[in-house]
Amino acid sequence: MRSATHPPPQPTESTAQTARRLQRNGILLRLSAVFLMTGMSAAIHAVAGKVPVGQIMFWRALFAILPIVIYMVIRHEFPHALTTRRPMLHLTRGIFGAISMALSFLSLAYLPVANAQALAYLAPVLALPLAVILLGETLTRAVLIAIGISCAGMLAMLWEAFSLPGEGALIGMAAGLGFALTMAFMRVHVRRMTFTERPSTIAFSFAAISALGGAMTLPFGWVTLNWSMVAWLALAGIVGGIGHILATEAMARTPVAVLAPFEFTGLIWALGFDALFFGHLPGMMGWIGICAITTAALLVSFAPPATRPAA
């Protein structure tokens, strides 16, 4: 008979169960992050045609610091999470992240949210030529087909860009492509950072560097903000800050390849925001382009990993 002072040992969680739990939590965090980041894009779109990109960057990043600091306090990481032993990693992430943010906001200034979101899905496709050039990897047939489909989708969206109201749709397309290219690099970089750095530290350094980068555009002319603009920018910053934390936490728990397919839920939210807040839906060519790019990105996400050539 067991002693009353020695309760029976509790069953421990197996390694496989732990891995499944972490992966499930990572997926839920990523889904939440996609919704919040798409909402941030909608808020930015509401002011992007009225406020300079650098000014939007500054206020978006500044407002994002508040939820990040609150997150640090909740996790008992403040203020020591503000320091790091690998500052160059954060500097690189911050610079590329600020450039990526500026390109994203420029794209949102000239394109509907759904079109800009679809262009962001080119990130995993654009990462493939980089892997061939920088890593010597070979591409599978499925990946080559995906590249061809994505190019067709780009041509369809380029065709619709000529029919979009206002000037600068081509600028939005170019900015969207630049955003996808920088994000292709950023995803791998942030994943590597999570091996040694806290998610809160990564999020804070990104917000701080982005705010500094935005502030440097002040001499080039900022506009006077009304209360409506401030409200949209505050919403974008707070929602974006929370979304960034959730996205980083997801990548710390789950491989990028597992999370990739769940990125595409953002297109559903983007179409909804466009219809609800801005009264816009894509035309026929826009739908073709969005579907083609999404299909290509899904093929890349589910395709077997590329291999390196034998030495």
Side-chain angles (χ1 to χ4, degrees), residues 33 37 40-41 44 48 51-69 71-72 81-109 116 119-120 122-124 126-127 129-131 133-135 171-172 174-222 233 236-237 239-252 256 263:
M37 297 304 286
M40 180 207 71
S41 297
I44 294 298
V51 183
V53 170
Q55 189 174 1
I56 294 176
M57 280 183 57
F58 172 78
W59 288 111
R60 186 275 188 209
L62 189 66
F63 280 117
I65 290 176
L66 176 61
I68 294 172
V69 171
Y71 173 74
M72 288 181 175
L82 300 178
T83 62
T84 178
R85 295 181 179 179
R86 309 189 72 179
M88 291 307 299
L89 281 179
H90 289 270
L91 181 61
T92 303
R93 190 264 183 274
I95 292 174
F96 275 89
I99 294 172
S100 179
M101 181 188 293
L103 291 170
S104 174
F105 293 171
L106 186 62
S107 178
L108 287 164
L119 288 172
L122 286 170
L126 292 176
L130 293 178
I133 296 171
L134 300 177
L135 303 176
I171 297 176
L177 282 171
F179 169 69
L181 184 60
T182 53
M183 279 302 298
F185 167 78
M186 288 304 306
R187 293 185 184 203
V188 178
H189 187 66
V190 171
R191 173 62 178 170
R192 185 176 64 175
M193 290 180 70
T194 59
F195 295 152
T196 58
E197 303 298 295
R198 297 184 181 91
S200 57
T201 307
I202 298 172
F204 181 86
S205 65
F206 169 64
I209 294 173
S210 298
L212 178 61
M216 292 173 64
T217 67
L218 178 61
F220 298 98
W222 283 11
L233 290 172
V239 168
I242 298 172
H244 188 188
I245 292 170
L246 295 182
T248 307
E249 286 282 2
M251 284 186 283
V256 175
E263 298 279 343

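All values below were derived from every heavy atom in this structure, side-chain atoms included, with hydrogens, water molecules and symmetry-related copies excluded. In what follows, residues are counted from 1 in the order of the sequence shown.
- Taken to the nearest 0.5 Å, the CG atom of Leu66 stands 9.0 Å off from the CD1 atom of Ile242.
- Distance check: Thr92 OG1 to Met193 CE gives 8.5 Å after rounding to the nearest 0.5 Å.
- Of all the heavy atoms in Ile209 and Ile95, the pair that sits closest is CG2-N, 4.1 Å.
- A 4.5 Å side-chain heavy-atom check between Leu82 and Phe204 finds at least one atom pair inside the cut-off.
- Side-chain contact between Met101 and Phe206 is present, with at least one heavy-atom pair separated by less than 4.5 Å.
- In terms of heavy atoms, Gly54 sits closest to Thr217 at CA-OG1, 3.3 Å.
- The shortest non-hydrogen separation linking Ala102 to Val53 is O-CG1, 3.7 Å.
- Closest non-hydrogen pair, Ala48 versus Ala109, comes out as CB-CA, 3.4 Å.
- When each of His90, Arg93, Arg86 is tested with Glu197 by the rule side-chain hydrogen bond (donor to acceptor under 3.5 Å, both in side chains), just one qualifies, namely His90.
- Leu233 has its side chain out of reach of Arg60: every pair of non-hydrogen atoms, C-beta onward, lies at least 4.5 Å apart.
- Nearest heavy atom pair, residue Ala116 against residue Ser107, reads CB-OG, 3.6 Å.
- Nearest heavy atom pair, residue Ile68 against residue Ala203, reads CD1-O, 3.5 Å.
- Residues Leu177 and Leu181 fail the side-chain proximity criterion, which asks for heavy atoms closer than 4.5 Å.
- Judged by distance alone, with hydrogens and angles left aside, the side-chain atoms of Ser100 form no donor-acceptor pair with the main-chain N or O of Phe96 at under 3.5 Å.
- In this structure, CE in Met40 is found 5.5 Å from OG in Ser104, a value given to the nearest 0.5 Å.
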